[in-house]
Amino acid sequence: MSIKTISVHSSRGGTGKTVIATNLAAILANKGFTVALLDLDFRAPSLAMVFSEGIKLPVKCWLNDFLNGKCDGAQVFTDVSGRYNLKGKLLIGLANPAIDAMRNVMEKSRAWEVTAVKKLFSLISILNDTKVDFLVSDTSPGMQYSSVNAIVSSDISIMVTTLDSIDLKGTEDMLSELYDALEKKAVILANKASPETRIKSTKYNMNVADKLEKILKHPVIGVIPCYCDVLQSERTSLLAVEKPNHPFVKNLAEVAEKLEKGYLI
Amino acid sequence: MCEAETPDFRIAGLLARIISELSEANEKLELLISLNRKLLQNQEKLRQTSDKIKSSEEFEFAPDVMALLSLPMSLRKTVMVLYKLEKATAKDIAKETKRLRAVESASANRLVRLGYLTKKREGRDVYFCIQPQVEVTE
């Protein structure tokens, strides 16, 4: 089996991309897969904070360093499986959260971006050679070089959206003007849906999904209700490990199942 | 009253003047050498800047992901395959895109004419790649 690459993207910030990317990666790793989780949000990196308790900071090779030709691809990843006692493996590749590093990426030329996307493909090739099953990339919201590079190099993208009308419009535009233009596969994941979505039956969820599919003209992989405790939880907590029976995790496990056995076959 | 200058005294004076003038000439020569060195350094800097400007002009055609969106649909796939393969023949590209080799050959050659790709013959095969290769620097 060759590596399957998934990018988690959204049209705007605040949709829950990072929580979804980290927990999705942990769910897949807990199923026994070897999963690499990559922080491609160079403008606002957060995975370093999420995993800061599990790794020695600063890491020996940030993803930025790899793209700048300062280290090899294999050095980018840190194995954090031991910390979470996962059935499989979870490797994380972090973007440098230092202000200088963020500024440095913002000043890059178009020529550098061409090299960056090629290096991203080479990194995927390295992961494939080392028998990694899935690569999950957490991206910048909207149309940034790093997020479009991630989309181009991924087998599928999960567009995370809330049911807010501005978010939905942004998602619709992004899907038609970016994903369709590049002929890249994308699925919708509605997150932070209104409490009614949780209270009502599955039928209501289906209705939401149906409506979204009609509006966005792309398949909906899931509708996750808004859970206050998820919103209030520490960013460093990994719900998929700490509360595996939480409905948020259960919803995301269904998404993982659909990806593994459906969309990524 | 001045004493009459002896020939030896005059020669000594003359020699002192010659030495002094030679010393001045030497200083001027050293200055000229130093100026010449600076000129050469500036010339080299100008050459390097000119190369950089030239290469940045070339990179106006850098097929980055944003540039992809302005390309015709038929050409985008070819470029995306070359991100992954680095260098490839039309047959290699066709294997990835699942389109005909002739279609990929036409697309790649069009991208060469647009300045996004370069092609190079190696034996019987023609390889396409995204060029020029970019130095990755911080």
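Here is the naming used below: chain letters follow the sequence lines, and residue numbers restart at 1 for every chain.
- Between Ser122(A) atom OG and Glu86(B) atom CD the span is 7.5 Å, to the nearest 0.5 Å.
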Audit row: Leu69(B), Met143(A), side chain to side chain contact (heavy atoms under 4.5 Å, CB included) steps and yes/no: CA-CA 12 Å; Leu69(B) 296 168; Met143(A) 199 135 151; 3.2 Å; yes
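- How far CG of Leu85(B) is from CZ of Phe121(A): 9.0 Å, rounded to the nearest 0.5 Å.
- Note: Tyr83(B) OH to Asn149(A) CG = 7.5 Å, rounded to the nearest 0.5 Å.
- Heavy-atom contacts from other residues, nucleotides or ligands closer than 6.0 Å to CZ of Arg103(A) number more than 12.
- Between the side chain of Arg76(B) and the backbone N or O of Ala181(A) there is at least one donor-acceptor pair closer than 3.5 Å.
- Residues Asp64(B) and Val117(A) are not in side-chain contact: their nearest non-hydrogen atoms beyond the backbone lie 4.5 Å or more apart.
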Before giving the answer on side chain to side chain contact (heavy atoms under 4.5 Å, CB included), spell out for Glu113(A) and Met66(B) the whole-Å C-alpha distance, their side-chain angles and the decisive distance to 0.1 Å. CA-CA 10 Å; Glu113(A) 296 295 348; Met66(B) 299 300 179; over 6 Å; no
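- In terms of the salt bridge (Lys or Arg N to Asp or Glu O under 4.0 Å) criterion, Lys89(A) has no residue partners (sequence neighbours excluded).
- Few gaps surround CZ on Arg99(B); more than 12 heavy atoms of other groups in view lie less than 6.0 Å from it.
- Taking CE from Met73(B) and CG from Asp180(A), the interatomic distance works out to 8.0 Å, rounded to the nearest 0.5 Å.
- Within a 6.0 Å sphere centred on CG of Leu31(B), heavy atoms belonging to other residues, nucleotides or ligands number more than 12.
- Proximity to chain B (any heavy atom under 4.5 Å) is shown, for Glu107(A), by neither the backbone nor the side chain.
- With respect to the salt-bridge test (charged N to carboxylate O, under 4.0 angstrom), the residues Glu183(A) and Lys77(B) qualify.
- Atom NZ of Lys31(A) sits in a crowded spot, with more than 12 heavy atoms from other residues, nucleotides or ligands closer than 6.0 Å.
- Environment of CZ in Arg110(B): sparse, with no more than 12 heavy atoms of neighbouring residues, nucleotides or ligands closer than 6.0 Å.
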